[in-house]
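Here is how names work: the chains are called A, B, and so on, in the same order as the sequence lines, proteins then strands, and each is numbered from 1. Worth saying up front: this structure is predicted, and the values here are computed from it rather than measured. The analysis underlying the following values was restricted to heavy atoms, covering all of them including side chains, and did not include hydrogens, waters or symmetry mates.
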Amino acid sequence: MSSIRLFFVGGLISFRALFSWLSPWIYIPSLLIAPIFQILLFVNLGRAADVGSDSFYLVGNAIQYIAIPCLFGIANTIAGERFTSTLGIILASPARRIPLFLGRALPTLANGWIVALFGLSVGSLLLGVQVPGSAWPKIMLIALVAAASCTGLGMLNAAVALRVRETSVLSNITFGILLIFCGVNVPLEMLPDWMAHISSVLPLTHAIEAARAVVAGADLGTVGSLLAKEALIGTVFCVLGLVALRFLEDQSRRTASLDRM
Amino acid sequence: MTRRSPLLAVPRFLIVAWWIQIKIIATSAFDGFLQVVWPLFFATSAFLVYRVSPDPDVMVYAALGASMMGVWSAIATTASSALQRERFGGTLELMVSSPTPFALTLIPITGAMASLGLYSMGATLLWGWLVFDIPLHIASPVAFVACVLLSIISVSMVGFMLSVTVVRYRTAWALGNVLEYPGWLLCGFLVPLSMFPDWVAGVSRVLPPTWAVQAIRESANGESPWVSLGICAALGLAYGIVAAVLSENILRSARRQATLSLT
């Protein structure tokens, strides 16, 4: 019972307390306006180069922007605890680690899902991209899987935040890697082979491919295998993140580096 | 104690303060690394898209434009939070109360940030050359260097105005972040302005980076860049003057209402 409470209540409280971006003065520019401009940038780039359709860039960038709330959201729950000098207290508590950290991931996941759907819906209206009404429920499901998968990567990012002070730099670099490798603006078949191989084990790659197929009219059964791969990748990253959190927590205790600012 | 002539004191102050700011920025290797790498992610995406084109000049166009992205990022994202950083460090009140005009204390701060943009610019051109085989042939090297330097100064004036405008905005860094993409788009770094509606192109033409990148491209292609560079410098000067006037008014208001520290 206490684990369930820790998961839901603890997760929500820590997210509200530590993810300072929930202030409208930060949320609106950073998570609602910025993705629209990222979409517009690459749509216009595609038009100038005469490569790809508006829909291609819209879907790719809207889904990829999930990375910002998911990577920063979880990392902030560690960096924020350190900043407010509560990290040591949290880690000294007997609370079970899995519900403690997974609970923090849940609101982050929901936030990433909202950001992706906002980018897709507003972007499609601005650009006049026709997304069939029947595609929206499937897109909502794909965005949910993508957000969960990216939150898994965020767990690993959060673990590194136990030892690395500059969590925002780390999150930005991970975001950039996903931008280049996940077929966001360049079809996977146009990437060099070594990049395409890496992209196949990164979160978002398969979700972006699935979302593009659904917008083009595919049904859920057609993209089922892509969604399964995306979910599997997210789960692997999440497990890796939880293991890394445990390992780096022990390391931080041993080296007394928990509260190092 | 001897007093320095103002003619010497101002340049000395600007150089010393600029150098101190460079050293402050350089204390975080992570931040410095991100400053260079961040625009490279977007430049790489642009190169991967543009390399489909059979015209090799398109890649040169993209490389020169992408190189300015780092300058804009250094200005838009960091200048907006420059005063927030001083506030956080407890030095904003000291800067305001010092006998040196406040506007003058801001120029080296935004200038140092723009200088980091120069570093990013070089890295982007080098990246394009090494990874994408984009030729770095500059037809008029002297004009090119002049264009780059004057462009940096002009763009830093935009940063100067941004930093002043948002001095009373607690989350100014978020505003700076959101200006990054529109700047890249509107200033024609990667996309020709002819693709935009007239009103958007009109907005672009009052932004110094638009003329800066045009001058840089002209000097690289062997065309005369001086008209574009002149407009860029004039706009930069105008931004600087407006920012200086604004800084005095905003500061006076902040001091009267005791809102400078925003605590």
Side-chain angles (χ1 to χ4, degrees), chain A residues 20-52 56-57 60-61 64-65 68 72 164-188 190-192 195, chain B residues 28-55 58-59 61-62 65-66 69 73 77 80 131-132 166 169-196 200:
Chain A
S20 57
W21 292 21
L22 290 178
S23 154
W25 292 100
I26 302 175
Y27 195 93
I28 293 172
S30 300
L31 296 179
L32 300 183
I33 298 176
I36 299 299
F37 274 104
Q38 183 179 319
I39 290 166
L40 291 177
L41 175 71
F42 282 105
V43 163
N44 281 288
L45 185 67
R47 286 176 183 173
D50 203 14
V51 177
F56 178 85
Y57 295 101
N61 287 285
Q64 190 265 345
Y65 209 83
I68 290 284
F72 279 84
V164 175
R165 204 175 350 184
E166 308 280 359
T167 52
S168 59
V169 175
L170 193 68
S171 302
N172 273 321
I173 288 174
T174 311
F175 173 86
I177 290 170
L178 294 175
L179 180 77
I180 295 176
F181 281 86
C182 293
V184 178
N185 296 303
V186 184
L188 292 177
M190 280 171 60
L191 288 176
M195 285 179 76
Chain B
S28 170
F30 266 100
D31 273 345
F33 178 66
L34 181 68
Q35 202 76 57
V36 175
V37 166
W38 179 249
L40 281 187
F41 288 126
F42 291 86
T44 303
S45 287
F47 294 156
L48 286 168
V49 173
Y50 270 122
R51 75 174 179 169
V52 176
S53 169
D55 182 1
V58 168
M59 287 298 272
Y61 171 91
M69 287 162 67
S73 294
T77 57
S80 300
V131 179
F132 292 90
V166 297
Y169 181 33
R170 205 187 302 262
T171 50
W173 63 269
L175 182 71
N177 279 351
V178 85
L179 288 177
E180 191 170 44
Y181 293 129
W184 290 353
L185 190 60
L186 290 176
C187 297
F189 293 159
L190 296 174
V191 178
L193 296 183
S194 56
M195 290 185 61
F196 299 135
V200 177

> Does the side chain of A:N185 come within less than 4.5 Å of B:S45's, by heavy atoms?
Replying inline: yes
>> Within this structure, what is the CE-CG distance for the pair B:M195 and A:L45, rounded to the nearest 0.5 Å?
In response: 9.0 Å
>> Quick check: do A:V186 and B:V52 have side-chain heavy atoms less than 4.5 Å from each other?
In response: no
> Can you name the closest pair of heavy atoms from B:L48 and A:M190 and give their distance?
Replying inline: O-CE, 4.3 Å
> Do you know the tightest heavy-atom contact between A:F37 and B:L185?
Replying inline: CD2-CD2, 4.5 Å
> Aromatic rings B:F42 and A:F42: how do their planes relate, parallel, tilted or perpendicular, breaks at 30° and 60°?
Replying inline: parallel
>> So A:S30 and B:W173, do their side chains get closer than 4.5 Å, heavy atoms only?
In response: yes
> Can you list the steps and then say if B:L175 with A:W25 is a side-chain contact (heavy atoms from CB on, under 4.5 Å)?
Replying inline: CA-CA 8 Å; B:L175 182 71; A:W25 292 100; over 6 Å; no
>> How long is the straight-line distance from CG of A:L41 back to CZ of B:F189, given to the nearest 0.5 Å?
In response: 11.0 Å
> Rounded to the nearest 0.5 Å, how far apart are CZ of B:F41 and CG of A:L179?
Replying inline: 8.5 Å
> Only one of A:L31, A:L32, A:I33, A:I36 clears side-chain contact (heavy atoms from CB on, under 4.5 Å) with B:V178; which?
Replying inline: A:I33
> Any side-chain heavy atom of A:L40 within less than 4.5 Å of one from B:Y181?
Replying inline: no
> Which region of A:F181, side chain (C-beta onward) or backbone (N, CA, C, O), has a non-hydrogen atom less than 4.5 Å from a non-hydrogen atom of chain B, or is it both or neither?
Replying inline: neither
>> Ignoring hydrogens, what is the shortest heavy-atom contact between B:V49 and A:V51? Give both atom names and the distance.
In response: O-CG2, 3.7 Å
> Is any side-chain heavy atom of B:F196 closer than 4.5 Å to a side-chain heavy atom of A:N44?
Replying inline: yes
>> Let's test your reading of the structure: which of A:I173, A:L170, A:I28 forms the most heavy-atom pairs below 4.5 Å with chain B?
In response: A:I173
